[in-house]
Amino acid sequence: MSTTRKNVSVDARPKRQATVKQIRAMKGGTPIVCLTAYVTPMAVRLDKHCDLLLVGDSVGMVLYGMDSTLGVDLDMMIRHGRAVCKGAEKAMVVIDMPFGSYEESKEQAFRNAARVLSETGAGAVKLEGGVEMAETVEFLTRRGVPVFGHVGLMPQSVNSYGGYGAHGRKVDEWQPILDDAKAIEAAGAFAVVVEGVAEPLGRKVTEELSIPVIGIGASNQCDGQILVTEDMMGLFTINPKFVKRFAEIGDNIETAIESYANEVRSRKFPAEEHTYKMAKSNS
Ligand code: KIV
């Protein structure tokens, strides 16, 4: 079955993406493997190994050179979301609602979330916020929009915090974050990201919630982990404490580009095997 909207045709439920039910059932089991993706070829590579791919609004910083996620708009998320859904065979695809696309009212949130799901084929949306967003999360989930929450450090609130420092490093800072996570769960979210919190708080949120808690800069006792793929591959220069670089792809890219430049300048490339011969009959 396919839906057509704004001249774009996408499969309503592409391939065999993991479902909300399957992700929820992973609570407390083998940790849930999540990474970000923004484009089709990367999604194809990640899909084999991940349970969930997030089209994060980090796309603004990673691919577009923005200083924060605040400049990302809905059309960007939809374009990248559609690209990722094309590459995802089995992982659930979740798409971030960008800053300004859901906070004004629950109706605004529904309108934009419906666009995201219907124009991409993703399985869910993610939005930042706790107690103050609970009414919106309930409105969406009751109307068929699966919601992945995001509490703790919320990058869209960077201007209110004044930076990206860790939260909950003093016990008296814990309660608001626990309240946020519980409010989002009670409102019907199927999972929640907890970002940039002290390790014991990450563990406590995981223990106290009955939905999967996915950590980023939280605790290895969370129900799963997520990182920005370009961060963990050494492709992006900002390197927060919680990122382990599993590769140095950036260095490999530079080495390849340097070889290309040298071979072009010395006329070594293109070599004979990279050029076309004349057709025999016309030579
Ligand atoms: O935008 C993003 O990539 C995210 C993850 C880092 C959780 O929200």
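Side-chain atoms are counted along with the backbone in the values below, which use heavy atoms only and exclude waters and symmetry mates. This structure is a prediction, so every number in the text was calculated from the model and none was measured. In each ligand, atom 1 is the first atom listed, and ligand 1 is the first ligand listed.
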Colleague: I need the minimum non-hydrogen distance between F236 and M61, along with the two atoms involved.
Modeller: CE1-O, 3.4 Å

Colleague: Which protein N or O atoms sit under 3.5 Å from any N or O of ligand 1? Give each pair with its distance.
Modeller:
| unit_1 | atom_1 | unit_2 | atom_2 | d |
| --- | --- | --- | --- | --- |
| ligand 1 | 1 (O) | D57 | N | 3.2 |
| ligand 1 | 1 (O) | D57 | OD1 | 2.9 |
| ligand 1 | 1 (O) | S58 | N | 3.1 |
| ligand 1 | 1 (O) | S58 | OG | 3.3 |
| ligand 1 | 1 (O) | D96 | OD2 | 3.1 |
| ligand 1 | 3 (O) | S58 | OG | 2.5 |
| ligand 1 | 8 (O) | K126 | NZ | 3.0 |

Colleague: Answer yes or no: is there a donor N or O on one side and an acceptor on the other, between the side chain of K204 and the main chain of W174, under 3.5 Å?
Modeller: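 A pair under 3.5 Å: no.
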
Colleague: Looking at every heavy atom in both C222 and G202, which two are closest together, and how far apart are they?
Modeller: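 Answer, listing the atom of C222 first, then G202: SG-O, 4.0 Å.
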
Colleague: Please indicate whether E248 has more than 12 foreign heavy atoms, meaning atoms of other residues, nucleotides or ligands, lying under 6.0 Å from its CD.
Modeller: yes

Colleague: Sort and list the pairs that fulfil ring pair (Phe, Tyr, Trp, His ring centres under 6.0 Å) and have at least one residue in residues 45-87, not counting sequence neighbours.
Modeller: Y64-H80

Colleague: Donor-acceptor check, side chain of D223 to backbone of P31, threshold 3.5 angstrom: yes or no?
Modeller: no

